[in-house]
Amino acid sequence: MRPYKSVALGLLIVAIDLRLNGFDLLMDVIGWVVVVAALGRVGHPAFHGARVAVVAAAVVSVTELMPLPSSLTLMLGLAEVLAVWMIATGIMVSHPDPRTAKVFGLLRWATVAAAGCGWLAAFAGAWPLAFVGLAVRLWLIVELLRAERVAPA
């Protein structure tokens, strides 16, 4: 599987929560491992920071296997935002298509805004804002698949 497609698959695994008695059947750490492996196949140095951020997200996501205090939940959210920011930055810097670079520049900020909406939804009870995060994740996955077709990494 091509690197960007693997990154998209890994991020999809992270985004999906299939729970059985509170246990996530598709643990986020699996998705992050897929992303790390995919980024390891991208030869551009712009992805070094992304690999470090994704490893950090994987390590923090292991804490999901136990009951989380709110501070760890916040740290997990920050690790995810940082990982996506760094992946988008890597694509923005390395991709030869100017439209793709511009879209991933926008996706970085959309991810930050979506995280803010998600935290507002969780803490203020404004649950419709949670759909902003879902929309941004779907946009990111679609753009990753498109970026691979336009000019493979």
Side-chain angles (χ1 to χ4, degrees), residues 1-19 24-66 68-95 97 100-123 129-153:
M1 189 178 295
R2 309 280 304 247
Y4 289 174
K5 190 180 284 188
S6 296
V7 170
L9 174 65
L11 292 176
L12 185 62
I13 291 170
V14 170
I16 295 174
D17 280 335
L18 291 176
R19 297 201 175 267
D24 190 0
L25 298 175
L26 280 175
M27 294 179 286
D28 290 357
V29 70
I30 296 169
W32 291 123
V33 167
V34 170
V35 174
V36 168
L39 292 177
R41 295 192 321 263
V42 178
H44 199 282
F47 288 95
H48 175 72
R51 285 190 294 275
V52 171
V54 170
V55 168
V59 169
V60 173
S61 73
V62 170
T63 62
E64 282 189 314
L65 301 175
M66 49 198 116
L68 291 176
S70 59
S71 60
L72 283 179
T73 302
L74 178 63
M75 192 163 61
L76 179 59
L78 289 172
E80 288 184 15
V81 169
L82 179 62
V84 171
W85 178 280
M86 295 303 292
I87 291 166
T89 299
I91 294 170
M92 190 179 84
V93 168
S94 67
H95 206 283
D97 178 38
T100 300
K102 188 178 210 176
V103 166
F104 278 92
L106 289 171
L107 271 165
R108 295 182 321 163
W109 290 106
T111 299
V112 172
C117 288
W119 292 325
L120 188 59
F123 294 114
L129 288 176
F131 291 109
V132 173
L134 177 62
V136 170
R137 284 180 188 238
L138 290 175
W139 180 27
L140 175 66
I141 290 167
V142 166
E143 289 298 331
L144 279 164
L145 297 174
R146 188 194 138 310
E148 184 123 64
R149 282 193 315 269
V150 171

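For clarity, every value in this text was computed on a predicted model and none was experimentally measured. In what follows, residues are counted from 1 in the order of the sequence shown. Atom set for the values below is all heavy atoms of this structure, side chains included, hydrogens, waters and symmetry mates excluded.
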The reported gap from CE in Met92 to NZ in Lys102 (rounded to nearest 0.5 angstrom) is 12.5 Å
Gap between atom CG of Leu144 and atom CG of Leu9 - 0.5 Å precision: 11.0 Å
For residues Ile13 and Trp32, determine if any side-chain heavy atom of one lies less than 4.5 Å from a side-chain heavy atom of the other. no
If you take all heavy atoms of Val29 and Ala58, which pair is closest and at what distance? CG2-O, 3.7 Å
Looking only at non-hydrogen atoms, find the nearest pair between Met86 and Ala53 and report the distance. CG-CB, 3.9 Å
Please examine the side chains of Leu145 and Lys5, heavy atoms only from C-beta on, and report whether any two atoms are closer than 4.5 Å. yes
Answer yes or no: is there a donor N or O on one side and an acceptor on the other, between the side chain of Arg51 and the main chain of Leu39, under 3.5 Å? yes
Atom NE2 of residue position His44 - does it have more than 12 heavy atoms of other residues, nucleotides or ligands inside 6.0 Å? yes
The test is side-chain contact (heavy atoms from CB on, under 4.5 Å); show your working for Arg146 and Asp97 and say whether it passes. CA-CA 11 Å; Arg146 188 194 138 310; Asp97 178 38; 3.4 Å; yes
Going by the rule salt bridge (charged side-chain N to carboxylate O under 4.0 Å, His left out), which residues pair with Arg137 if we only count those two or more places apart in sequence or in a different chain? Glu80
Rounded to the nearest 0.5 Å, what's the gap from CD on Glu148 to CD1 on Ile91? Could you check? 9.0 Å
Closest approach of Val136 and Ala114, non-hydrogen atoms and distance? CG2-CB, 3.8 Å
How long is the gap from CG on Leu107 to CH2 on Trp85, to the nearest 0.5 Å? 11.0 Å
Rounded distance (nearest 0.5 Å) linking atom CH2 of Trp139 with atom OG1 of Thr111: 8.5 Å
Between Ser6 and Arg41, the two heavy atoms sitting closest are OG-NH2, 3.1 Å
Minimal heavy-atom distance between Val93 and Ala46, with the atoms involved, is CG1-CB, 3.9 Å
Roughly how far, to the nearest 0.5 Å, is OH of Tyr4 from CD1 of Ile87? 10.5 Å
Which atom of Ala147 lies closest to which atom of His95, heavy atoms considered: O-NE2, 2.9 Å
